[in-house]
> 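Please read through the structure below; I'll follow up with questions.
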2 protein chains.
Amino acid sequence: MSRASDVAYEMIRERILSGALAPQTQLKEEELAELCGVSRTPIRDALRRLEAEMLVRRTDTQRTFVPDWSADEVEEIFTLRALLESHAAARAAARITAAEIETLERHNDEIEKAIHGSIKLDAEAFVTHNRHFHNVLLQASQSERLIKMRSLIVEQSILHRTARNYDKAGLSRSHADHEELVLACRAKDSEWARSIMDNHIRRAYHVTLGDMEAMTPPPVEAKTPPAKGSRGSKAEIALVK
Amino acid sequence: MSRASDVAYEMIRERILSGALAPQTQLKEEELAELCGVSRTPIRDALRRLEAEMLVRRTDTQRTFVPDWSADEVEEIFTLRALLESHAAARAAARITAAEIETLERHNDEIEKAIHGSIKLDAEAFVTHNRHFHNVLLQASQSERLIKMRSLIVEQSILHRTARNYDKAGLSRSHADHEELVLACRAKDSEWARSIMDNHIRRAYHVTLGDMEAMTPPPVEAKTPPAKGSRGSKAEIALVK
DNA sequence: CGCCCCCGGACTGTACACAAACTGGAGACC
DNA sequence: GGTCTCCAGTTTGTGTACAGTCCGGGGGCG
């Protein structure tokens with residue numbers, strides 16, 4: 001994992017998810033090369049991987065941009081996530097090992113601590129252990145395809161927002177869901193696991209939705225050069241509707 | 001599409017799906033470069049893309065192989081395909097345009113012709129138009145993510161086998177499903193479309209299953225060098241169970 | 001004005017050379 | 001015989017030079 005292309009991948013990914021690289025930004029290979037301190041070759045590698053995960057978008061003329069997501073896409077993302085993660089939970093319930101169940105419990109205990117451990121909510125810890133919990137479950141589903149598909153469903157950043165704006169009751173509910181998932185795994189009851197997970201994610205969607213409405217989106221409309229000359233080869237990049 | 005890396009991508013992909021590159025084969029960049037008449041750079045590009053689509057598999061030490069699929073994986077593939085394509089059909093029913101519906105009908109007419117047009121079944125034509133039909137529907141779902149996810153679900157080769165071993169009645173049934181899908185689209189009835197597609201694909205799975213049993217898999221076991229020295233860094237490639 | 005064409009600068013694609021890492025086997029040692 | 005170590009050949013990773021393509025603006029023309 002110390003290859004230049006891995007370093008570049010991590011650096012760029014991190015910057016996109018954290019917002020350091022704003023949506024609509026064009027990613028130029030040479031710039032990134034300088035940023036990461038490597039040559040263009042590993043950068044190209046990293047960009048290919050990010051493209052496969054839909055964390056960057058390429059135009060028809062091979063220019064690369066940081067995408068942004070419309071409300072419609074957010075809905076689609078959560079629907080797919082519910083579909084896939086509940087399927088993964090069902091598979092996991094049938095295949096999970098005792099050791100993995102213990103790991104799940106450990107992470108969920110940490111989540112509990114993050115909520116009630118101190119006076120103030122430890123959002124960072126919550127997010128981290130929440131992510132791990134879901135990852136372990138995905139791993140237990142023993143399907144590489146599901147794992148790859150999930151990585152197509154970008155939501156780290158959205159998740160981050162969600163965790164911050166949940167109230168304590170909401171977070172506790174989330175913790176309780178996880179506990180029930182552990183029970184379902186113990187019982188090897190796939191359908192139980194599936195329905196818990198489906199419910200868990202749909203709820204998260206609606207919380208996110210609330211958040212998104214709450215923070216009046218600054219109507220910073222993309223500068224739209226009024227349909228200038230049609231040379232037919234102008235690169236189009238997806239704009240938020 | 002005339003870039004060297006696109007040519008390489010197409011060539012390698014075609015050879016894998018057609019079986020010209022057998023499962024377990026190691027793909028060496030230099031060999032492929034010679035095969036495609038380009039340098040290693042575009043080959044590396046192509047391999048990255050194929051890897052993202054799970055059409056090749058890399059070991060932990062960056063060696064690239066043609067994968068093969070166990071019965072368990074085939075089941076997983078069809079389950080996911082049913083999940084995703086029925087979701088896509090539901091989305092499509094709500095969004096499809098009149099022009100797209102016409103295209104669907106055109107392809108389905110061709111399918112009809114392939115089945116009954118001449119004395120002998122035109123398997124090639126059937127497979128082609130069947131693929132197009134499904135692609136149009138997927139396109140109509142207007143979700144890039146669904147399209148990318150579907151490409152993770154390799155099944156062209158399996159599909160090929162399926163079409164050959166369907167009997168005429170089965171193929172007609174498939175044609176009738178497509179007709180009903182068009183009706184559901186016209187009616188904008190998402191749930192109807194979903195259930196047709198789910199049924200359509202599950203049936204295909206069981207036909208494939210029958211085929212796979214029929215043709216006694218030649219028990220050509222992978223040479224397993226009896227667990228020799230454990231240097232710990234030996235590349236492991238997934239073997240068929 | 002508004003449209004079109006053309007061109008220089010900017011960005012991506014490809015080849016190739018060299019560096020780093022992995023593989024499989026030969027030989028030392030118990 | 002079994003296991004470990006080391007090494008030469010093989011394969012992949014990276015830097016760099018140059019070729020090809022695209023973008024956006026300036027000037028000609030209606």
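Chain identifiers are assigned alphabetically (A, B, ...) following the order of the sequence lines, protein sequences preceding nucleic acid strands; residue numbering begins at 1 within each chain. These numbers come from the heavy atoms of this one structure, side chains and all, not from hydrogens, waters or symmetry mates.
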> With each end axis built from five pairs of C1' atoms, what bend angle do you get for the helix from C/dC1-D/dG30 to C/dC30-D/dG1? Round to 10°.
20°
> According to side chain to side chain donor-acceptor pair (under 3.5 Å), who are the partners of A/Glu105, at least two apart in sequence or on a separate chain?
A/Arg186
> Look at A/Thr41 and D/dT14 and indicate whether a side-chain polar atom (N or O) is within less than 4.0 Å of OP1 or OP2.
no
> Quick one: list whatever passes side chain to side chain donor-acceptor pair (under 3.5 Å) with B/Thr79, sequence neighbours left out.
B/Glu75
> Name the pairs: protein N/O against N/O of nucleotides 9-13 of chain D, kept only if under 3.5 Å.
residue: D/dT11; atom: OP1; partner: B/Lys28; partner atom: NZ; Å: 3.0
residue: D/dT12; atom: OP1; partner: B/Leu27; partner atom: O; Å: 3.4
residue: D/dT12; atom: OP2; partner: B/Glu29; partner atom: N; Å: 2.9
residue: D/dG13; atom: OP1; partner: A/Arg3; partner atom: NH1; Å: 2.9
residue: D/dG13; atom: OP1; partner: B/Gln62; partner atom: NE2; Å: 3.2
residue: D/dG13; atom: OP2; partner: B/Arg44; partner atom: NH1; Å: 2.5
residue: D/dG13; atom: OP2; partner: B/Arg44; partner atom: NH2; Å: 3.1
residue: D/dG13; atom: N7; partner: B/Arg40; partner atom: NH2; Å: 2.8
residue: D/dG13; atom: O6; partner: B/Arg40; partner atom: NH1; Å: 3.0

> For residues 38-47 of chain B, tabulate all N or O donor-acceptor pairs below 3.5 Å that involve a side-chain atom, not counting sequence neighbours.
residue: B/Ser39; atom: OG; partner: B/Thr41; partner atom: N; Å: 3.3
residue: B/Arg40; atom: NE; partner: B/Glu29; partner atom: OE1; Å: 3.0
residue: B/Arg40; atom: NH2; partner: B/Glu29; partner atom: OE1; Å: 3.0
residue: B/Arg44; atom: NH1; partner: B/Glu29; partner atom: OE1; Å: 3.4
residue: B/Arg44; atom: NH1; partner: B/Glu29; partner atom: OE2; Å: 2.9
residue: B/Asp45; atom: OD2; partner: A/Arg48; partner atom: NE; Å: 2.4
residue: B/Asp45; atom: OD2; partner: A/Arg48; partner atom: NH2; Å: 2.0

> Determine the interplanar angle of the B/Tyr205 and B/Phe78 rings, folded into 0 to 90°, and report it as parallel if under 30°, tilted if 30 to 60°, perpendicular if over 60°.
tilted
> Are side-chain N/O atoms of B/Thr97 and B/Glu100 paired as donor and acceptor at under 3.5 Å?
yes
> How long is the gap from CD1 on B/Ile153 to CG on B/Leu80, to the nearest 0.5 Å?
5.0 Å
> Given atom CG of A/Leu32 and atom C1' of C/dT12, what is their separation to the nearest angstrom?
13 Å
> Nearest whole angstrom, please: distance from the C1' of C/dG13 to the CG of A/Asp45.
14 Å
> Less than 4.0 Å between a side-chain N and a carboxylate O, is that true for A/Glu85 and A/Arg150?
yes
> By the ring pair (Phe, Tyr, Trp, His ring centres under 6.0 Å) test, which pairs, at least two apart or in different chains, include something from residues 80-109 of chain B?
B/His107-B/His129, B/His107-B/His132
